[in-house]
Amino acid sequence: MNSLELFLAHALRLEEDSAVQYDEMADALSVHRKSEVARLFRKMAHYSRLHLAEAERRAAGLDIPRLQPWEYQWPGDDSPENAPAGEADYTMNDRDALRLALKGEMGAYAFYSGVAAATADAELKAAALEFADEEREHVALLEDWLTRTPDTGPVLDLDPPAAIA
Amino acid sequence: MNQVLAPELDFTDYKSDVTPVWCPGCGDYAVLSAILKALAALRLPREDVALISGIGCSSRIAAYTSVYGFHGIHGRALPIAQGLKLARPELTVLCAGGDGDGFSIGGNHFLHACRRNLDLTYIVMDNAVYGMTKGQASPTSAADWSESKLTPEGPGVAPLQPLDLALTAGASHVARCFSGKVQALTQTIAEAIRHPGFSFIQVISPCVTYRPEMREYKTLVHESFTEPCTDRREARRRLIDDDGFSLGTLFKSVEPSYKPLRHEPESLDALERQFSL
């Protein structure tokens, strides 16, 4: 990645994807009446939208490239702040949700700090470090939250699928 | 595919305000995201796109988009989609559903849709289980899958091979994707929509509720169909070594898609004359 504009194109996509996915998880867990966990994901979606707004503010007036969805240069298969495929679960408790959110925030931190480490462009490096710092704050927040959240075990299902009974 | 370009829209503009009721962790969320992103990437006007589905967890997908949708009856998504395409050929028609809807209840329609080769895109979210009815074996479940209360010793019959079937029946574009690889899935869907003919995409889309072992599928899938072949015989040869986890576009035909002959309808007088005694 060699320009601030390209970096911001990635940051905009990353934060929007993350907000959409956190909202989806909140919706899914609300459907399964896990309102506490849903609230947690809704809060994470809010944080991602704040980041998105910050990226939009930085992008204002710049010529941001319009990339096709498959042209983003992510380190993995998807937006790095998105939870890894299939790791959510209808029996997840607060701790499971926090762990999942932590993985996402760590993915975003690794992406932003990786861009900062790989570039010689001072402006791009500064912006990437700034975004990485904010993700690091989220990582610390979630780690602290995890230490204060007891493990209550999987949520009880009185009629579980045969595969997990 | 429709050639009119919409103003630049974000992929979320193609999403409806209906909240999905899929389980947390379901692969279908990623398929929905990929479809929305492909539509936005192709800049298709929402009013020129229709998404037709059948019955099952994945068939709810039509309601979660802001394009025209029709949540049809079990196994009949393809006849509805084909009828729509014949009546309104200028529309971009997508059809979606699950492995039970597409290969069992709608299995016959699948064969003939491949053979008929209309210009539409069929996306099957294959989780090898009937999730909506709480976990029965589907046509793509392994013969020894024994985690269903209905078939505790496994269904005992060999699973269908959707790519083989599609290829043999005459599908024009045949691909397999994994819901955990959203970028590749989005690109394949966009290519399938652009392809002028019947495009079939089998998406391995894990059901983490009734098939929790599918969480490990991300370690089993592999990119094997790196370049699509245009020779059907060569595509069949490639499938001989397929372990069910090969990803990519297997086959892309250069043959033209089916287009019905179009002419002005005869006048009522002319029709009546044919039947006059």
Side-chain angles (χ1 to χ4, degrees), chain A residues 12-13 16-34 37-38 40-41 45 49 52 56 64 66-80 82-93 96-97 100 154-155 157 159-165, chain B residues 8 10-12 15 18-27 29-30 32-34 36-38 40-43 64 129 131 134-136 145-152 178-191 205-218 221:
Chain A
L12 289 164
R13 171 55 63 221
E16 186 180 25
D17 277 350
S18 167
V20 167
Q21 199 202 36
Y22 278 134
D23 270 338
E24 276 176 356
M25 287 202 275
D27 287 338
L29 286 151
S30 297
V31 166
H32 286 78
R33 305 193 186 286
K34 308 291 185 302
V37 189
L40 189 151
F41 282 130
R49 291 219 159 77
L52 177 61
E56 284 171 342
I64 304 297
R66 187 180 194 278
L67 300 177
Q68 296 288 36
W70 47 90
E71 291 174 338
Y72 290 91
Q73 300 158 29
W74 304 128
D77 295 319
D78 198 4
S79 259
N82 280 19
E87 291 202 9
D89 189 305
Y90 81 104
T91 63
M92 71 198 306
N93 60 25
D96 299 327
L100 198 59
V155 174
D157 182 354
D159 184 19
I164 60 172
Chain B
E8 282 192 16
D10 189 69
F11 77 95
T12 53
K15 195 172 187 179
V18 179
T19 302
V21 294
W22 292 321
C23 299
C26 175
Y29 284 102
L32 173 63
S33 173
L36 303 178
K37 285 178 175 170
L42 296 172
R43 294 179 60 188
Y64 305 148
V129 73
K134 298 203 75 175
Q136 295 79 26
W145 180 65
S146 57
E147 298 295 343
S148 167
K149 290 172 183 170
L150 201 65
T151 50
F178 176 53
S179 62
K181 291 181 177 287
V182 183
Q183 275 192 301
L185 174 59
T186 307
Q187 186 169 15
T188 305
I189 292 173
E191 285 171 2
S205 180
C207 170
V208 297
T209 299
Y210 294 103
R211 304 288 311 256
E213 77 281 9
M214 284 186 168
R215 286 204 177 90
E216 301 310 313
Y217 276 18
K218 59 185 172 227
V221 294

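As a basis for the values below, the full set of heavy atoms in this structure was taken, side chains included, without hydrogen atoms, waters or symmetry mates. Lettering follows sequence order; numbering is per chain, from 1.
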Review point. Where do B:Tyr29 and A:Met25 land on the side-chain contact (heavy atoms from CB on, under 4.5 Å) test, with the steps shown first?
Key: CA-CA 10 Å; B:Tyr29 284 102; A:Met25 287 202 275; over 6 Å; no

Point to revise | Heavy-atom proximity to chain A below 4.5 Å, by part of B:Ala34 | key: neither

**Study point:** A:Glu71 side, atom CD; B:Gln183 side, atom CD - distance, nearest 0.5 Å
**Key:** 9.5 Å

Review point. Of the backbone (N, CA, C, O) and the side chain (C-beta and beyond), which part of A:Gln68 lies under 4.5 Å from a heavy atom of chain B, both, or neither?
Key: side chain

**Study point:** Close side-chain approach of A:Asp77 and B:Phe178, heavy atoms under 4.5 Å
**Key:** no

Review point. CD of A:Glu24 to NZ of B:Lys15: how many Å apart, nearest 0.5 Å?
Key: 4.0 Å

Practice item. Considering only heavy atoms and a distance below 4.5 Å, find which of B:Cys23, B:Ser33, B:Cys26 pairs most often with chain A. Key: B:Cys23

Point to revise | Contact summary for B:Gly25 and A:Ala88, nearest pair of heavy atoms | key: N-CB, 3.5 Å

Revision key, fill the gap. Residues A:Val31 and B:Pro20: closest non-hydrogen pair is CG2-O, 3.9 Å

Check your understanding: Which heavy atom of B:Trp22 sits nearest a heavy atom of A:Ala28, and at what distance?
Key -> O-CB, 3.8 Å

Practice item. Determine, for A:Asp89 against B:Arg215, whether the closest basic-nitrogen to carboxylate-oxygen distance falls under 4.0 angstrom. Key: yes

Check your understanding: Is chain A contacted by the side chain of B:Ala30, its backbone, both, or neither, given a heavy-atom distance below 4.5 Å?
Key -> neither

Check your understanding: Contact part of B:Lys134 toward chain A, heavy-atom cut-off under 4.5 Å: side chain, backbone, both or neither?
Key -> side chain

Check your understanding: Considering only heavy atoms, which portion of B:Lys181 lies under 4.5 Å from any heavy atom of chain A: side chain, backbone, both, or neither?
Key -> both

